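Report on the following structure.
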Amino acid sequence: MASLTSKMFPSVGRINIGRLGLKSPSRVTYVTNLSSNVSSERKGVPDGKGRGSSDKKPPRKSGEPRTEKMSVDQDWTAVYPAAAPFKGNAVPLPVRMGLPVNRGIPPRKEGNLELIKIPNFLHLTPPAIEKHCEALKPFCTKWPSALDTDEKCDQLFPIKVESTDYVSAGPSVRNPAARVVHLRVKVSSLNLDDHARKKLLKLVGERYCKDTDILTIKTDSCPLRLQNYDYAMYLLTVLYQESWKIEAWEAEKTRADMEEYSWEDSPSQKNLLDTLLHAKVAGDGDEQEVREQLLGRKEVQEFKESVTRLKNEGDNESSLQQYKEAVQKVLHL
Amino acid sequence: MAASCMHIGRYIRRNERFLRLQFEQFLSIRSFALTPAVHQAAQVHQEAAESVVIPMKKTWSKEAVLQALASTVSRDPTVCAYRFQDDSFLSPRNFSEAKTYSYSLESGRAAAKYIINNNPNLFTKDFAEPHIPCLMPEKVSPLLEEVSEAALKERINLRKVTAAVDMYDQLLQAGSVVSMDTTHDLLDLLCLYGDSDPVQESGPQQEDTEESEQELWSETGFKKPSWRKTNNAERIFNLLPDRDTRCYSALIRGMVKHGASKKAFDMYSELLNNRLTGDVHMFNALISAVPDVRENPDEKWELVSELLKQMNQMSIRPNLLTFNSLFKTLKRCGKLSTIYAPLALNEMKALGIAPSLATYNHLLHMNVHGFLKIQVLRNLLLELEGCSFTCRDPGDNLFFGTAMKACLINNDLELGYKVHSLLEVGENWRLLGAANKQAYYYNCFLRLLCQMENIDVVLKWYKKLVPSMFYPHPENMMGMLQTLDTENRLDLLPMIWKDMKTFGHIYPDLVEELLSLMARDKHNPKVQESFAACALDVKQTFSEKGIEWKSSYLSHVSTVLLRANQCEEAWEMLLIFKEKNLVPSEAVLNSFLSECQSSIGPDRAVELVQLSAAFCLPATSELASRVLVDFNLTESQRTILSQLQTAEKMSD
């Protein structure tokens, strides 16, 4: 047993070493050494078949790359007219790419998979782009001269519709993502009064961006882009019409439904008036008249403004400052 | 030539942004906005001071944008044809390789088509959107099995000749009447294919591919089946109760196509006996068959004119093909062609039929003197300048080759350029024909240029045309060598040799010319170096290909090597002389001594003299004396030399 195992180990080791020895040269040189390996294997086969290697034709050698024939002032757009993979024999640049192995240099461009894998823009050199633009000019119409500023465009054409086309190399030209339509409009450009605006914003919810005042309607529920576009326009129309209508049940709007804080009939007003009454600042009289009189006072108005501002805008330096000053004034501190 | 590669781009995302009009709120409550894709009229929006005029949207066809972009690219002169792999190892280097690769491409395609068509159950899923019909399996075998006219029609559509004939016979046996239309179609089918199945029927597709590829490469046409004596077409024809014009027409055309011209004329006389009218296709076929049935030019013309008269009597209007077949027959009529061809042309003009390129080709081939031919061509090109042609006759593709050959024979360079410019108009390059016809045209063109133009223009055209448009013939290489010689640009000789090697034109006279040009004069050292490298390359190619050496080759190569001070290689050449039992000239040996005086040792010199003695050259003694004088020799060497010297002197 022991003797067997001891015999095993050296052979295993030898095999490993042998493998290691063969591996390193073949890794660096990609394809070129393959033919020599194959021919050496063939020589190892016994010549009982009667065909020696001398009878065979010499292996076909690679011709010279066509970069040799290219002149310096050639038309590059003819060499790469459209997107094509990197061809080492067509690109006259001495490019090297890849990981240098064993303190070597990056491998050559011939047969270099790294260069073939990556996308290249050899077909879109500046002269090519100029030529393309010149060729596409007849398809374009002139920009209306009256629309020279962005503001004018926004004013005259406030609705902006966006859709995306997708092109890929494959058997099918269809892409389901191409049906999506985004419709953007500035709410301020719509003719809405206060109630209508608030109702519209309630109806659209998340689609409205407060910072830019842009309402975005994204439709992708129909299978075709035209259908989605029609649906988006329909939605805009319906929103507009509905926001102008006043339904009966809208009268039941509670304080919790309000979008912004209003001081009238709020706990803050009640508390302030109660405080002031208790402080006996105003003259005597009917309670209701006194309240109204108090409301008419300037400090109370300032207090109202500051509270409203604080509740609507949130806590920041200036609003808190304003509140402090207003409270001080009202309570004569 | 328009770009041969039009790819659709890869991943391109294109955002469109439509600018839209605002609602007209004060107009109507329910106003829907207008869609810009459909709306064509100009919209004017009145606003403050200026009015915005939106221009009308332009519309174009589906391919217009691609065509516009394609017009920006031109042909790359260094690349081979698009169908080959663009790789320095894989692209074809000469004509035979290109042919082989083309055949293999087509054979692969045909094999794939065969597999798809014969296993349609494996190719049911259709990925392509929009649908590409040519990639899906085609119906190859008929579906209907019962004996009926519909089944017969199906077999005719699928071009199954034997199956259709069987079905027809079964129908007749069953007693049902086959409609006249179907019978016509059946007769047309039989006459088109000469009563044998088209080659698609046979299992492996090699014959079909070779056939189609041969059409592409050589256009000699495959061997058409000849009209058999016991023919199904004739049998069915005889079985028909009433035969009308179309039946006769089909049969006559089939007979002419498959070589039974005599029978065709018999059939025609039968038609006349039955007092039926012919149609224009039948007369076309008959006119083109006239040279097969009559030998004498006069008789030929007589028959042709008779046919034309009868055509007139039947008030059948001739068409372009009629006139073309008329011209083709006139070509074989000898001197009569010069009389009648202009008349026929006038007739064509009177009838309003525009001549096609095949007409012009036949005219050029008429039996006219060379000078007249050039006049004809000149006038023709003046008329045709800037025209773009379509193929209206199968013989259209011969025109350009004939025209260029005529220019070459008459050494008319300007006319050659005119012909070439006509070729570059629009799509006219398609009318050059198969690859070998294209090669023929460009060969003539290049030879014309080599003879008449100076070297820069020749080189420019050479670089432009070779090897992307064609692979030159050996005559072109010879022409190039001679041009280099006359224009004193012998430094380009190595380039020519490289091309010769790539194209496989290693012929004795070419090599002889090349080597003699290299060895003739002494040039500056750099050129000499390149010549020496070239000569060594020649030597290596000879040993690789196993070509026989000749003494002239060897002497030229040696001279070149000596001039470049490569004495080692030159010595090897002398050894080859000995090996092949060829005799070097004295000049070689003398130059060897003089050039290599410093570098070779005395042993070498002595060997040289011994060598010359072995060849029994009269110059041995002089050589010996020179060596004695110039070199430091040992005693033994001196004795040998003096022996040789005296030996020679004694033999004189």
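Keep in mind it's a predicted model, so treat the numbers as computed, not measured. In what follows, chains carry the letters A, B, and so on, assigned in the order in which the sequence lines appear, proteins first and then strands, with residues in each chain numbered from 1. Excluded from the calculations below are hydrogen atoms, water molecules and symmetry mates; all remaining heavy atoms, backbone and side chain alike, are included.
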task: Of all the heavy-atom pairs spanning B:Ser88 and A:Asn89, show the shortest one and how long it is.
output: N-ND2, 3.3 Å
message: As an exercise: rank A:His182, A:Arg174, A:His132 by heavy-atom pairs under 4.5 Å with chain B and give me the winner.
response: A:Arg174
task: Pick one of side chain, backbone, both or neither for B:Asp87, based on which atoms fall under 4.5 Å of a heavy atom in chain A.
output: backbone
task: Let me know if A:Pro119 has heavy atoms under 4.5 Å from chain B in its side chain, its backbone, both or neither.
output: neither
- request: Sort B:Ser91 into side chain, backbone, both or neither according to what part of it lies under 4.5 angstrom from a heavy atom of chain A.
  value: backbone
- line: Looking only at heavy atoms, the pair that brings A:Ser172 and B:Phe127 closest together is CB-O, 3.9 Å
task: May I ask you to check whether over 12 heavy atoms, not counting those of A:Lys198, lie within 6.0 Å of atom NZ?
output: yes
message: Tell me whether B:Phe542 at atom CZ has more than 12 heavy atoms from other residues, nucleotides or ligands lying less than 6.0 Å away.
response: yes
field: Neighbour count above 12 (heavy atom, 6.0 Å) for A:Arg207 CZ
entry: no
Shortest non-hydrogen contact between A:Phe139 and B:Ala68, atoms and distance: CE1-CB, 3.4 Å
Shortest non-hydrogen separation from B:Asp76 to A:Ala78 and the atoms involved: CB-O, 3.6 Å
- request: Would you please go through residues 213-220 of chain A and name the residues with a non-hydrogen atom below 4.5 Å from one of chain B, in numerical order?
  value: none
message: Can you confirm whether A:Thr77 sits close enough to B:Thr72 that some side-chain heavy atom of one is under 4.5 Å from a side-chain heavy atom of the other?
response: no
message: Could you report the tightest heavy-atom contact between B:Lys58 and A:Cys140, atom names first, then the distance?
response: NZ-O, 3.0 Å
message: Please give me the minimum heavy-atom distance between B:Lys498 and A:Glu64, naming the atom from each residue.
response: NZ-OE1, 3.4 Å
task: For each of A:Glu134, A:Glu68, A:Gln74, A:Lys87, tally heavy-atom pairs with chain B at distances under 4.5 Å, and name the one with the top tally.
output: A:Lys87
message: Less than 4.5 Å apart, side chain to side chain, heavy atoms only: is that true for A:Arg66 and B:Val79?
response: yes
